[in-house]
Amino acid sequence: EVQLVESGGGLVQAGGSLRLSCAASGFSFDDYTICWFRQAPGKEREGVSCISNGDNSRYYADSVSGRFTISSDRAKLSVYLQMNSLKLEDTAAYYCAAVGDAFGGYYYLRAPGDMTAWGKGTLVTVSS
């Protein structure tokens with residue numbers, strides 16, 4: 001059974017940093033694309049960043065490019081999202097999701113509906 005468990009959310013001041021973690025189990029890590037999505041109150045879920053574990057390609061939404069960095073640790077079966085220079089508009093529930101396509105990061109960043117496994121999310125609140 002594919003399982004994804006997020007951690008690392010919390011309250012941070014604008015301009016600060018947080019690192020989210022996604023612990024994965026139950027699937028072949030290298031055969032999957034893993035993404036971070038977020039959903040703010042009253043808004044649709046949006047793609048934040050994806051990593052295609054087949055070739056380690058990384059993709060970012062324009063709104064976070066240059067501030068967020070996605071990475072993976074195959075030994076720990078984990079994916080991380082380092083978030084720097086946080087803004088008020090980054091406040092949202094952040095979700096880790098996976099799909100059995102090793103090279104699909106570019107596509108799935110824009111297609112949350114096609115992800116096949118989801119974590120329960122972790123809340124990030126950025127205060128002024």
Side-chain angles (χ1 to χ4, degrees):
E1 179 186 2
V2 175
Q3 289 193 325
L4 301 166
V5 180
E6 304 95 334
S7 61
L11 176 64
V12 62
Q13 285 192 324
S17 298
L18 279 176
R19 189 176 84 148
L20 304 184
S21 299
C22 173
S25 62
F27 61 96
S28 180
F29 195 77
D30 288 351
D31 294 337
Y32 275 65
T33 287
I34 299 178
C35 298
W36 288 96
F37 295 89
R38 68 185 181 186
Q39 188 165 20
K43 295 189 177 182
E44 292 187 355
R45 190 168 295 189
E46 64 172 345
V48 176
S49 182
C50 292
I51 185 166
S52 301
N53 282 330
D55 60 6
N56 209 36
S57 296
R58 307 171 194 203
Y59 304 89
Y60 299 94
D62 290 344
S63 58
V64 306
S65 183
R67 299 188 297 123
F68 290 10
T69 302
I70 192 169
S71 62
S72 67
D73 184 332
R74 283 169 171 72
K76 295 183 178 179
L77 299 181
S78 294
V79 172
Y80 307 98
L81 186 69
Q82 178 66 44
M83 306 186 296
N84 298 330
S85 302
L86 282 161
K87 303 177 180 180
L88 296 179
E89 52 264 41
D90 294 319
T91 295
Y94 283 72
Y95 299 89
C96 177
V99 61
D101 178 345
F103 305 98
Y106 180 84
Y107 171 78
Y108 292 107
L109 183 64
R110 299 156 182 80
D114 289 345
M115 304 302 286
T116 57
W118 290 84
K120 294 183 177 180
T122 187
L123 185 62
V124 172
T125 302
V126 183
S127 65
S128 58

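Please read these numbers as outputs of a predicted model, since none were measured by experiment. Counting begins at 1 with the first residue of the sequence.
The two residues Asn53 and Ser72 have their closest heavy-atom pair at OD1-OG, 3.7 Å. Closest approach of Ile34 to Ile70, counting heavy atoms only: O-CD1, 4.0 Å. Residues Ala24 and Leu4 approach most closely at CB-CD2, 3.8 Å, considering heavy atoms. Shortest non-hydrogen contact noted between Leu86 and Leu18 is CD1-N, 3.9 Å. Shown here for Ile51 and Asn56, the closest heavy-atom pair between the two residues is CD1-OD1, 3.3 Å. The minimum heavy-atom distance between Ala61 and Gly47, with the atom names listed, is CB-O, 3.3 Å.
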Q: Report the C-alpha separation of Asp101 and Tyr107 in whole Å, then their side-chain angles, then the decisive distance to 0.1 Å, and conclude whether the side-chain hydrogen bond (donor to acceptor under 3.5 Å, both in side chains) test is met.
A: CA-CA 10 Å; Asp101 178 345; Tyr107 171 78; over 6 Å; no
Q: For Glu46 and Arg38, run side chain to side chain contact (heavy atoms under 4.5 Å, CB included): C-alpha distance rounded to whole Å, both residues' side-chain angles, the deciding distance at 0.1 Å, then the answer.
A: CA-CA 5 Å; Glu46 64 172 345; Arg38 68 185 181 186; 2.6 Å; yes
Q: Begin from the C-alpha positions of Arg58 and Ser71 and carry the test side chain to side chain contact (heavy atoms under 4.5 Å, CB included) through to its verdict.
A: CA-CA 8 Å; Arg58 307 171 194 203; Ser71 62; 4.1 Å; yes
Q: Mind running side-chain hydrogen bond (donor to acceptor under 3.5 Å, both in side chains) on Asn84 and Ser17 for me, showing each step along the way?
A: CA-CA 4 Å; Asn84 298 330; Ser17 298; 2.9 Å; yes
(Q) Apply side chain to side chain contact (heavy atoms under 4.5 Å, CB included) to residues Phe68 and Val48 and explain how you reach the verdict. (A) CA-CA 9 Å; Phe68 290 10; Val48 176; 3.7 Å; yes
Q: Begin from the C-alpha positions of Ser127 and Leu11 and carry the test side chain to side chain contact (heavy atoms under 4.5 Å, CB included) through to its verdict.
A: CA-CA 7 Å; Ser127 65; Leu11 176 64; 4.1 Å; yes
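With a 6.0 Å cutoff to the six-membered ring centre and a 45° limit on the axis angle, Arg110 counts as a cation-pi contact of Tyr106. Cation-pi geometry between Arg45 and Tyr95 is met: under 6.0 angstrom from the ring centre, within 45 degrees of the axis.
Within the 4.5 Å cutoff, no side-chain heavy atoms of Leu20 are placed close to those of Tyr80. Between Leu123 and Tyr94 the shortest side-chain heavy-atom distance does not fall below 4.5 Å. A 4.5 Å side-chain heavy-atom check between Ser21 and Ser78 finds every atom pair outside the cut-off. Within the 4.5 Å cutoff, the side chain of Cys22 has heavy atoms near those of the Trp36 side chain.
The CZ atom of Arg19 sits 11.5 Å away from the OG1 atom of Thr69 when rounded to the nearest 0.5 Å. Atom OG of Ser25 is separated from atom CD of Glu1 by 8.0 Å, given to the nearest 0.5 angstrom. One finds the CD atom of Gln13 at 10.5 Å from the CG atom of Leu88 (value rounded to the nearest 0.5 Å). Between atom OG of residue Ser52 and atom CG of residue Asp30 there is a gap of 12.0 Å, rounded to the nearest 0.5 Å. Rounding to the nearest 0.5 Å gives a distance of 4.5 Å between NZ of Lys87 and CZ of Arg67. From Leu109, atom CG reaches atom OG1 of Thr33 across 10.5 Å, with rounding to the nearest 0.5 Å.
For residues 16-35, the ring pair (Phe, Tyr, Trp, His ring centres under 6.0 Å) pairs, not counting sequence neighbours, are Phe27-Tyr32.
The existence of a salt bridge linking Lys120 and Glu6 is excluded, since no basic side-chain nitrogen approaches an acidic carboxylate oxygen closer than 4.0 Å.
Taking hydrophobic clusters as Ile, Leu, Val, Met, Phe, Trp and Tyr residues chained together by side-chain heavy-atom distances below 4.5 Å, Leu77 does not share a cluster with Val5. Met115 and Tyr59 fall into different hydrophobic clusters, where Ile, Leu, Val, Met, Phe, Trp and Tyr side chains are chained together by heavy-atom contacts under 4.5 Å. Following chains of ILVMFWY side-chain contacts shorter than 4.5 Å, one can reach Val79 starting from Met83, so the two form part of one hydrophobic cluster.
Sulfur-to-sulfur, Cys96 and Cys35 sit at least 2.5 Å apart at their SG atoms.
In this structure, Ser7 contributes its side chain and Thr122 its backbone to no donor-acceptor pair below 3.5 Å.
Taking the six-membered ring for Trp and the full ring otherwise, the centers of Phe37 and Trp118 sit less than 6.0 Å from each other.
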